[in-house]
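Written out below as structure tokens is the structure these notes cover.
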Number of protein chains: 2
Amino acid sequence: MTGAGTTGKRRAIQRGVGVALWRQIADDIRGGLAAGTLAGAEGRLPPEAALAERFGVNRHTVRAAIAALAHEGVLHPVHGRGTFARRQKRLVYPIGERTRFSTGLGSQARERHTDIFAGVQESASTEIAKALGLEAGSKVIRVEARGSADGVPVSRATSWFDAQRFPTIAEAYADAGSLSAALRKFGVEDYLRASTRIEARHADEADARDLRLSPGAVVIVTHAINVDMKGDPFQYSRTRFPADRVELVVESQGKTTVD
Amino acid sequence: MTGAGTTGKRRAIQRGVGVALWRQIADDIRGGLAAGTLAGAEGRLPPEAALAERFGVNRHTVRAAIAALAHEGVLHPVHGRGTFARRQKRLVYPIGERTRFSTGLGSQARERHTDIFAGVQESASTEIAKALGLEAGSKVIRVEARGSADGVPVSRATSWFDAQRFPTIAEAYADAGSLSAALRKFGVEDYLRASTRIEARHADEADARDLRLSPGAVVIVTHAINVDMKGDPFQYSRTRFPADRVELVVESQGKTTVD
DNA sequence: TCGAATTTGTGCGTATGTATG
DNA sequence: GCATACATACGCACAAATTCG
């Protein structure tokens with residue numbers, strides 16, 4: 001198991017694998033910023049020549065990578081002074097019995113908000129019906145939401161609720177700004193996260209649009225089921241997280257909770 | 001927020017973004033197979049011409065994607081008959097207090113085994129020392145392991161143990177074939193998973209080699225801390241999972257188990 | 001057995017994108 | 001910015017294996 005050099009795991013830059021070198025380098029730099037292993041104290045990147053040598057490529061190629069990241073808003077090169085990175089530390093999103101969608105990010109960002117898009121009623125697919133314990137084809141309400149931190153999208157959730165039990169959940173959610181508050185209007189005083197399935201994949205077209213991702217980016221997808229205190233499932237949701245802005249933490253119950 | 005059409009979320013094939021079309025298509029097909037949305041009953045893919053039209057590219061380009069996946073072992077094209085996909089369903093890897101490395105996959109695969117590479121002693125980095133509650137620079141034992149199911153690598157774990165407390169853990173692990181059994185030799189009768197941090201990223205060179213992945217593939221990385229029944233951490237491990245062969249499930253204690 | 005349709009495999013010329021110095 | 005080399009993508013044509021009436 002060769003450690004890839006002294007600076008820690010650097011993704012190998014390979015030729016002829018279908019990914020342009022400048023994109024491999026851009027992805028690597030973005031990952032290095034998220035992990036905090038790149039960039040010095042004031043967020044300054046090593047000079048282009050140094051990066052070129054480190055990656056074993058021409059300086060032109062590094063410049064192309066930096067240009068792409070600058071276009072994403074991650075870096076700003078300043079003529080004569082160097083290239084600077086936007087403050088970027090991954091958000092930690094806790095997962096456990098007490099997981100709440102809109103909370104849990106606490107003081108990790110200066111500014112946070114959730115956009116909720118009006119829900120629509122539709123017929124439950126077999127998968128969603130099963131998750132909610134309904135008959136296939138039952139009416140459900142779908143609610144779309146997007147979470148941002150400091151102006152950057154960090155989550156994109158699609159949730160389904162039983163339309164009979166929660167007919168106006170979308171409006172209540174949008175009004176209250178919090179799912180917990182909205183649920184109380186329907187008599188759900190408290191609830192638990194029953195299970196969370198986690199997968200990861202490349203961003204598809206919708207992810208790239210909604211989360212402002214570049215092609216080839218990685219998203220973490222969670223499939224969650226929330227149950228009320230009687231143990232009945234009432235919410236099924238799929239949430240997409242940009243993998244370079246968010247990480248998940250599973251904690252055993254009773255342990256530290258971030259709020 | 002338009003739902004991405006009825007044909008299912010198809011990753012947009014984009015030109016001039018630094019990723020070759022054939023690689024974008026290969027990633028998309030691989031994802032489609034894992035999700036079960038591609039390939040018919042007998043695992044046969046649509047003909048090359050149809051795929052080319054669907055993706056809006058030349059047939060040569062689709063062929064390049066198929067060739068890459070064939071090289072990975074995911075597809076095998078047969079002259080005159082079509083292109084066939086290997087039976088592929090994602091393994092579900094449970095995460096919770098009772099998570100064990102080698103178990104939990106139960107009957108999901110016909111054949112399972114774990115390769116353990118002899119451990120080496122080294123000085124703990126600050127991160128590892130902190131996770132294990134040791135002084136930075138303390139001696140720790142690093143154990144490398146790889147899990148396979150039906151001959152395909154599905155996990156690649158690196159674990160660290162306090163060298164003072166578990167001097168021959170690697171040998172014991174290799175002999176017993178199970179971590180739980182090895183730990184009992186050191187007086188650890190039972191243990192719990194205290195926390196699991198989950199991130200996702202592109203596969204690096206080491207992942208590609210150890211897990212037989214192609215560049216651009218996605219890996220899920222877990223950082224786990226196990227504690228003994230007194231609550232003292234004794235193992236810190238980082239595990240890489242190929243995202244198209246594995247998904248994680250977080251369950252509340254005692255609750256539903258996936259079958 | 002024959003032939004037509006389907007599907008993968010191969011060759012080649014050309015245009016564009018990527019990477020170097 | 002320029003010249004060079006290589007990878008990528010296209011379009012067209014045809015060969016080879018398989019299937020089916």
Side-chain angles (χ1 to χ4, degrees), chain A residues 10-30 45-72 75 77 79-80 83 202 205 208 214-217, chain B residues 10-30 32-33 38-86 202 205 208 214-217:
Chain A
R10 164 130 286 112
R11 185 175 168 205
I13 305 299
Q14 301 178 41
R15 293 157 197 267
V17 292
V19 184
L21 301 190
W22 64 264
R23 171 140 302 283
Q24 296 185 50
I25 291 168
D27 291 341
D28 194 277
I29 291 177
R30 200 193 299 105
L45 250 65
E48 293 174 356
L51 290 173
E53 192 188 7
R54 185 190 306 192
F55 288 111
V57 300
N58 193 279
R59 194 167 75 94
H60 285 310
T61 310
V62 170
R63 285 179 59 76
I66 290 175
L69 292 172
H71 189 260
E72 278 181 45
L75 298 178
H79 195 127
T83 301
H202 288 105
E205 196 178 7
S214 66
Chain B
R10 165 127 289 112
R11 183 176 168 202
I13 305 299
Q14 300 178 38
R15 295 161 193 265
V17 291
V19 184
L21 299 188
W22 65 263
R23 170 137 307 284
Q24 296 185 49
I25 292 168
D27 292 339
D28 193 277
I29 292 177
R30 198 194 299 106
L33 292 175
L38 208 48
E42 316 94 14
R44 196 172 109 182
L45 251 65
E48 295 172 355
L51 290 174
E53 192 187 7
R54 184 191 306 194
F55 288 110
V57 300
N58 191 276
R59 193 168 71 96
H60 280 307
T61 309
V62 169
R63 285 182 55 74
I66 290 175
L69 293 172
H71 189 259
E72 278 180 48
V74 177
L75 298 178
H76 49 269
V78 182
H79 196 159
R81 297 219 308 132
T83 300
F84 299 84
R86 241 184 98 154
H202 289 109
E205 192 183 12
S214 70

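The model shown is predicted, which means the values in this text are computed figures rather than measured ones. Within every chain, numbering begins at 1; the chains are lettered A, B, ... in the order of the sequence lines, protein sequences first and strands thereafter. The analysis underlying the following values was restricted to heavy atoms, covering all of them including side chains, and did not include hydrogens, waters or symmetry mates.
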Less than 4.0 angstrom between a side-chain N/O of A/R59 and OP1 or OP2 of C/dA19, yes or no?
no

Is there a side-chain contact between B/I29 and B/L45, using heavy atoms and a 4.5 Å cut-off?
yes

Does atom CD of B/E53 have more than 12 heavy-atom neighbours, drawn from other residues, nucleotides or ligands, at distances under 6.0 Å?
no

In terms of side-chain heavy atoms of B/H79, which of D/dG11, C/dT18, C/dT8 is nearest?
C/dT8

With hydrogens left out and only the distance checked, is there a donor-acceptor pair under 3.5 Å joining B/H60's side chain and the base of C/dG11?
yes

Determine whether a donor-acceptor pair (N or O, by modelled atom type, separation under 3.5 Å) exists between the side chain of B/Q24 and the backbone of B/V19.
yes

Is B/T83 close enough to C/dT8 that one of its side-chain N or O atoms is under 4.0 Å from OP1 or OP2 there?
yes

Contact under 4.0 Å: B/R81 side-chain N or O vs C/dT8 OP1/OP2
no

Nearest-neighbour nucleotide for the B/A20 side chain, D/dT8, C/dT10, C/dA19 considered
D/dT8

Is the phosphate of D/dC10 approached by B/T61 (side-chain N or O, under 4.0 Å from OP1 or OP2)?
yes

When the distance from CZ of A/F55 to P of C/dT20 is rounded to whole Å, what number comes out?
13 Å

Is there a side-chain contact between B/I25 and B/R54, using heavy atoms and a 4.5 Å cut-off?
no

What is the distance from CZ of B/F84 to P of C/dT7, rounded to the nearest Å?
11 Å

So, OP1 or OP2 of D/dG11: does either fall under 4.0 Å of a side-chain N or O from B/N58?
yes

Touch check for B/R15, heavy atoms < 4.0 angstrom, all strands: base, sugar-phosphate only, or nothing?
sugar-phosphate

